[in-house]
Engineer: 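Below you will find the structure I want to go over with you.
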Amino acid sequence: MTESTRLRIAIIGAGIAGLGAAIALKDHPSIDAQIYEQADELREIGASIALGPNGLRTLERLGVSNALDESIAFRNKSGYPMIYRHWKTNEIVSVDTHRGHVDPRHRTARFYRAHLQQALLQHVDPSTIHLNKGFKFVKLDNATNKLVISFTDDTTATVDLLLGADGIHSPVRTSFVPTSGTVWTGRIAFRSVFPISHLSNVSEVPDEATHYWGPDRTFFVSKLGKDLFTTVGSYDSDPYAPDAAYTASKWNTEGDVNTLKEQYKDWSLQIRSIIDAIPYTRVYPNVAAHGLDTWVLGNGKVTLAGDAAHAHGGAFAAGGSLALDDAWAFGASIRHVFPENAIKLPSDKDLATALKLYERTRKAHTDRLIKIVHEGNKKKVERLGQTETDEELRARMKSRVDPSWIHEHDVAAVFQQAHDSLLGGKEEAWL
C-alpha cells in the first residue's frame, strides 16, 4: 500500500492507554497511528501506580518487557499483592492473594508513574507524538467520509478512526455524550513520592506495599523503583454536603504536610514517624462517572480507552492495567479486520465491526467494576460520622471485595470469546 492509502488513526492523549494503543499498532505497515497530546511536554502527572498480573502480562504482549524490570517495578517479597495492617497496632489483619498461577515477573508491581511512562516511550516513535494539541471537536466530512479533528491550536487532522484516550475528564467522551462528565466522590488523596533516604531516621520502614486501615481513613505506603518511596493519605467527605471539605480542590495541586500530621495524629508511632519525614504532598480529588451505554461512537469511527472509557476513580489500583488491556484489545480488534497482509483498506463496516469487537472484549468487565465502585462510594458516605468498633473495622478489612477477578483478568482469552460471540467463531473475508 502507498502512504496515501494507509489507515489513519488519531490517538488523543499520550497517557498509558494512548501510548499502549500506539505500541499495539506500530508494526503494522499499513496503519499510520498518530498521538495528539494537549500538554506542551510529555510529563506524567501523578505519583505511584500499580499494575496487576493482567497489566504486566499485557506489557509483555506489547513487547514492553523493559517495564517489568525490578529496577523500576517494585514487588512485595512475600508475593502478596497487598498487605492490610491495623492503624493503631500495625498488625497484619488481612492480605490479598493471587488466585490463579502467576509467574513471579507478573506479580503485582508498583511504579513511579514517570518511570512507567518512560518505559512505554522507548517503544514509540517520537515523530508520531504531537504536543500542544488539545482536542476541540471532531466532525465527519461527508465528501471524503473522513473524520476531521480540530485542535485548540487551530490546526486539524483528517483520519479514518479516532481513539479517545484523553483521561478521566475526556473531552472526546463528553463531546459525544455530554451527560458523561465526572463527579467528585468525596474522597481526597494526599500523594507523595520521594527518595527513601528521607526515612533514614524512621525505624522499621515497611518493606512491602501496605495499606493501613482506620475507622474513617486509610494510609498507603510502598517502596518504588530507583530508591523511591510513596505514601498516600486519604480524607472522605459527603460530596453533597454544603460544608464538605476540599470541594474546590484541583488535581495535582500543592498540599500541606501539616494537614496530614493533624489527620493522622492518633495513629501508630510508625505512621506518624513516616509522615513527619514526608518532604511534601500533593492533593488529588477522586472523581468518577457512570458507565456509557456504548463505546462505539461517531458512526462507528470513534471509541475510547483508559479512564476516558471507564472513569472509575482509580479504585482497586486497577486503572493502569485496565488502560493497557484496553490498548491491546483495541489493537487486536483493528488488526483482526485489517491484517498486515491486507490488499485493501477496511471498509466502514469493517471498522465498525472492529470497534464492536473491542467493546465486547472490554466493556462488560469495566462496567462490573464501575458498578462495584459506585456501590462502595455510597457505603463510604453512609459510614461518615458513624462510630465503628475495632471489631467492626477488622471485620470490614476481612470482608472487602476480592480484587483478583480484576487483576488476573485474561484479556486475550476474553478477546477470543468476544470474537466467537460476535462473528460466530468464523473468520470473515476481510481481504
Engineer: When the ring planes of F415 and W328 are compared, do they come out parallel, tilted or perpendicular, using 30° and 60° as the limits?
Structural biologist: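 Plane angle over 60°, so perpendicular.
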Engineer: Checking Q416 side chain against A412 main chain: does a donor-acceptor pair fall under 3.5 Å?
Structural biologist: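 Side chain of Q416 to backbone of A412: no pair is present.
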Engineer: Tell me, with the steps shown, if Y212 and W267 meet ring-ring contact (aromatic ring centres under 6.0 Å, His included).
Structural biologist: CA-CA 10 Å; Y212 296 81; W267 283 46; 7.3 Å; no
Engineer: Hey, does V159 have a side-chain heavy atom less than 4.5 Å from the side chain of I9?
Structural biologist: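 Result no, sub-4.5 Å side-chain heavy-atom pair not found.
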Engineer: Keeping K265 on the side-chain end and R272 on the backbone end, is there a donor-acceptor pair under 3.5 Å?
Structural biologist: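 Checking the backbone N and O of R272 against the side chain of K265, no donor-acceptor pair under 3.5 Å is found.
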Engineer: What closest approach, in Å, do P53 and H98 show between heavy atoms, and which atom pair accounts for it?
Structural biologist: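 Closest approach of P53 to H98, heavy atoms only: CG-CE1, 3.6 Å.
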Engineer: Taking NZ, NE, NH1 and NH2 as the nitrogens, is one of them in D160 or K301 under 4.0 Å from a carboxylate oxygen of the other?
Structural biologist: no
Engineer: Write down the atom of W87, the atom of D266, and the distance for their closest heavy-atom approach.
Structural biologist: CZ3-O, 3.5 Å
Engineer: Which pairs with one or both residues in residues 369-381 pass salt bridge (charged side-chain N to carboxylate O under 4.0 Å, His left out), sequence neighbours excluded?
Structural biologist: K371-E375
Engineer: Side chain to side chain donor-acceptor pair (under 3.5 Å) with E359: which residues, sequence neighbours excluded?
Structural biologist: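 Partners of E359 under the side chain to side chain donor-acceptor pair (under 3.5 Å) test: T294.
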Engineer: Side-chain donor-acceptor pair under 3.5 Å between H310 and D326, yes or no?
Structural biologist: yes
Engineer: What distance separates S192 OG from I275 CD1, expressed to the nearest 0.5 Å?
Structural biologist: 9.5 Å
Engineer: Whether the side chain of S333 engages the backbone of L355 through a donor-acceptor N/O pair (distance < 3.5 Å, no angle test) should be reported.
Structural biologist: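 No; judged by distance alone, with no hydrogens or angles, the pair does not exist.
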Engineer: Does K356, at its NZ atom, have more than 12 non-hydrogen atoms belonging to other residues, nucleotides or ligands within less than 6.0 Å?
Structural biologist: no
Engineer: Taking C-beta and beyond as the side chain, do R6 and I31 meet within less than 4.5 Å on heavy atoms?
Structural biologist: no
Engineer: So, S180 versus R173: side-chain donor-acceptor pair below 3.5 Å or not?
Structural biologist: yes
Engineer: Please enumerate all residues that pass side chain to side chain donor-acceptor pair (under 3.5 Å) together with S78, with sequence neighbours excluded.
Structural biologist: E208
Engineer: What's the verdict on side-chain contact (heavy atoms from CB on, under 4.5 Å) for I12 and K133, showing C-alpha distance, side-chain angles and the deciding distance?
Structural biologist: CA-CA 9 Å; I12 308 298; K133 298 291 183 181; over 6 Å; no
Engineer: Can you tell if the side chain of Y36 reaches within under 4.5 Å of the side chain of I11, non-hydrogen atoms only?
Structural biologist: no
Engineer: Within a strict 4.5 Å, meaning less than it, do heavy atoms of the F330 and L163 side chains meet?
Structural biologist: yes
Engineer: Answer yes or no for R110 and F74: cation-pi contact, defined as NZ/CZ to six-membered ring centre under 6.0 Å and angle to ring axis within 45°.
Structural biologist: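 Geometry flag: not set, cation outside 6.0 Å or 45°.
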Engineer: Mark yes or no: R368 above the aromatic ring of W405, with NZ or CZ under 6.0 Å from the six-membered ring centre and no more than 45 degrees from the axis.
Structural biologist: yes
Engineer: Would you say R360 and S421 are linked by a side-chain donor-acceptor pair, where the criterion is simply a distance under 3.5 Å?
Structural biologist: yes
Engineer: Please check this pair: side chain of T303 against backbone of W295, looking for a donor-acceptor N/O pair closer than 3.5 Å.
Structural biologist: yes
Engineer: Give a yes or no answer on whether the side chain of S170 reaches the backbone of D166 with a donor-acceptor pair at less than 3.5 Å.
Structural biologist: no
Engineer: Is the backbone N or O of E204 less than 3.5 Å from a side-chain atom of Q270, with the two atoms forming a donor-acceptor pair by type?
Structural biologist: yes
Engineer: Among Y284, Y246, Y235, which residue satisfies the ring pair (Phe, Tyr, Trp, His ring centres under 6.0 Å) criterion with F190?
Structural biologist: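 Testing each of Y284, Y246, Y235 against F190, the sole residue satisfying ring pair (Phe, Tyr, Trp, His ring centres under 6.0 Å) is Y246.
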Engineer: Ignoring hydrogens and geometry, is there a side-chain-to-backbone donor-acceptor pair from R217 to Q263 under 3.5 Å?
Structural biologist: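 Between the backbone of Q263 and the side chain of R217 there is a qualifying donor-acceptor contact (under 3.5 Å).
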Engineer: Check R335 with E340, please: is the shortest side-chain N to carboxylate O separation under 4.0 Å?
Structural biologist: yes
Engineer: Just jot down the salt bridge (Lys or Arg N to Asp or Glu O under 4.0 Å) partners of R57, sequence neighbours excluded, or say none.
Structural biologist: none
Engineer: Closer than 3.5 angstrom, by distance alone: can the side chain of T230 be matched with the main-chain N or O of V193 as a donor-acceptor pair?
Structural biologist: no
Engineer: State, with a plain yes or no, whether a side-chain heavy atom of H312 is found less than 4.5 Å away from one of D307.
Structural biologist: yes
Engineer: Using a strict threshold of under 4.0 Å (side-chain N to carboxylate O), is an ion pair present between D410 and R61?
Structural biologist: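 A salt bridge is present here (some side-chain N lies under 4.0 Å from a carboxylate O).
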Engineer: Give a yes or no on whether a salt bridge exists between E70 and R105, defined as a side-chain N under 4.0 angstrom from a carboxylate O.
Structural biologist: no
Engineer: Going by heavy atoms in the side chains, are L304 and L297 under 4.5 Å from each other?
Structural biologist: yes
Engineer: Would you check if there is a donor-acceptor pair between the side chains of K226 and S71 at a distance under 3.5 Å?
Structural biologist: no
Engineer: Have a look at S268 and tell me which of I274, T89, N90 forms a side chain to side chain contact (heavy atoms under 4.5 Å, CB included) with it.
Structural biologist: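 It is N90, the one option of I274, T89, N90 that forms the side chain to side chain contact (heavy atoms under 4.5 Å, CB included) with S268.
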Engineer: Between the side chains of K88 and D390, is the shortest nitrogen-to-carboxylate-oxygen separation below 4.0 Å, so that they form an ion pair?
Structural biologist: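 Salt bridge between D390 and K88, a charged N being under 4.0 Å from a carboxylate O: no.
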Engineer: Is D125 salt-bridged to K26, going by a charged N under 4.0 Å from an acidic O?
Structural biologist: no
Engineer: Under a 4.0 Å threshold between the charged nitrogen and the carboxylate oxygen, would R187 count as salt-bridged to D236?
Structural biologist: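 Salt bridge present between D236 and R187.
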Engineer: To the nearest 0.5 Å, what is the distance between NE2 (H106) and NE2 (H101)?
Structural biologist: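 Between atom NE2 of H106 and atom NE2 of H101 there are 9.5 Å.
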Engineer: How far apart are the closest heavy atoms of F219 and G233, and which atoms are they?
Structural biologist: CD1-CA, 3.7 Å
Engineer: Could you pull out all residues at least two apart from T185 that satisfy side chain to side chain donor-acceptor pair (under 3.5 Å)?
Structural biologist: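 Counting only residues at least two positions away or on another chain, T185 forms a side chain to side chain donor-acceptor pair (under 3.5 Å) with N286.
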Engineer: Side-chain contact test, heavy atoms from C-beta onward, threshold under 4.5 Å: evaluate it for K136 versus D154 and give yes or no.
Structural biologist: yes
Engineer: Which residues satisfy the side chain to side chain donor-acceptor pair (under 3.5 Å) test with T182, sequence neighbours excluded?
Structural biologist: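 With neighbours one apart ignored, the set is H169.
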Engineer: At their closest point, which heavy atom of A14 faces which heavy atom of L42, and how far apart are they?
Structural biologist: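 Heavy atoms of A14 and L42 come nearest at CB-CD2, 3.6 Å.
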Engineer: Could you please spell out the steps behind the salt bridge (Lys or Arg N to Asp or Glu O under 4.0 Å) verdict for E91 and R394?
Structural biologist: CA-CA 11 Å; E91 66 188 287; R394 291 170 183 267; 2.7 Å; yes
Engineer: Assess, by modelled atom type and distance only, whether the side chains of N258 and E262 contain a donor and an acceptor separated by less than 3.5 Å.
Structural biologist: no
Engineer: Checking R400 against Y84: charged group under 6.0 Å from the ring centre and within 45 degrees of the axis?
Structural biologist: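 That pair qualifies as a cation-pi contact.
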Engineer: Taking the side chain as everything from C-beta on, heavy atoms only, tell me whether F137 gets closer than 4.5 Å to V172.
Structural biologist: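 Of all side-chain heavy-atom pairs linking V172 with F137, none is under 4.5 Å.
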Engineer: Run the numbers on H130 and F151 for ring-ring contact (aromatic ring centres under 6.0 Å, His included), then give the verdict.
Structural biologist: CA-CA 11 Å; H130 310 277; F151 299 104; 8.7 Å; no
Engineer: Using the six-membered ring wherever Trp is involved, compare the ring planes of F194 and F229 and label them parallel, tilted or perpendicular (cut-offs 30° and 60°).
Structural biologist: tilted
Engineer: Could you check whether H407 and D96, counting side-chain N and O atoms only, form a donor-acceptor pair closer than 3.5 Å?
Structural biologist: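 On atom types as modelled, these side chains do not qualify, holding no pair under 3.5 Å.
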Engineer: Over all heavy atoms of both residues, which pair between N132 and T152 is shortest? Give the atoms and the distance, please.
Structural biologist: O-OG1, 4.3 Å
Engineer: Say whether, by atom type as modelled, one donor and one acceptor occur between the side chain of T174 and the main chain of V177 under 3.5 angstrom.
Structural biologist: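 Not confirmed, T174 side chain does not pair with V177 backbone.
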